[in-house]
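Here the structure is a predicted model, which means the values were calculated and not measured.
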Amino acid sequence: MGGPAEMSFSNSLIAVRPTKFTANEQTMKDNAFQSMEGLTEAEIVARASAEFDRFVHTIRASNINVRVFEQDHPDAPDSVFPDWLSTHRNHLFPGGILILYPMHCP
């Protein structure tokens with residue numbers, strides 16, 4: 001096994017393709033990063049898709065594996081932001097442990 005720094009970083013990540021991406025009215029009230037900007041839903045999806053493709057290309061160019069998943073629920077505007085998770089393995093959890101961090105939604 002490598003040193004602690006080597007064990008702290010992953011060479012893989014999960015990304016969800018934004019096939020339906022729009023502001024979520026339930027979370028817009030307290031999320032300053034969401035706005036409709038006067039764009040149509042199709043324009044928002046096109047912009048999000050282009051940004052997503054650039055992101056995946058850039059990450060893969062850095063030799064990081066990207067596992068792309070399709071959005072499962074077309075009626076969920078923010079399903080591209082799944083619950084965040086992390087995995088850990090050390091002397092306390094030699095078999096590994098997965099920790100789930102659920103997203104906030106009122």
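The NE2 atom of H57 sits 13.5 Å away from atom CZ of F52, with the distance rounded to the nearest 0.5 Å. Atom CG of L98 and atom OG of S86 lie 7.0 Å apart (nearest 0.5 Å). Interatomic distance, I59 CD1 to N65 CG, rounded to the nearest 0.5 Å: 11.5 Å.
Taking hydrophobic clusters as Ile, Leu, Val, Met, Phe, Trp and Tyr residues chained together by side-chain heavy-atom distances below 4.5 Å, V68 shares a cluster with I64. Hydrophobic clustering, with ILVMFWY side chains joined whenever heavy atoms are under 4.5 angstrom apart, keeps V56 apart from F69.
Heavy-atom minimum distance, A15 versus V66: CB-CG1, 4.1 Å. Across every non-hydrogen atom of S49 and P18, the tightest pair is OG-O, 3.6 Å. Between E43 and T40, the shortest heavy-atom contact is OE1-N, 2.8 Å.
Checked against side-chain hydrogen bond (donor to acceptor under 3.5 Å, both in side chains), E51 has no partners two or more places apart in sequence or in another chain.
Sparse packing is recorded around CZ of R47, with 12 or fewer heavy atoms of other residues, nucleotides or ligands lying under 6.0 Å away.
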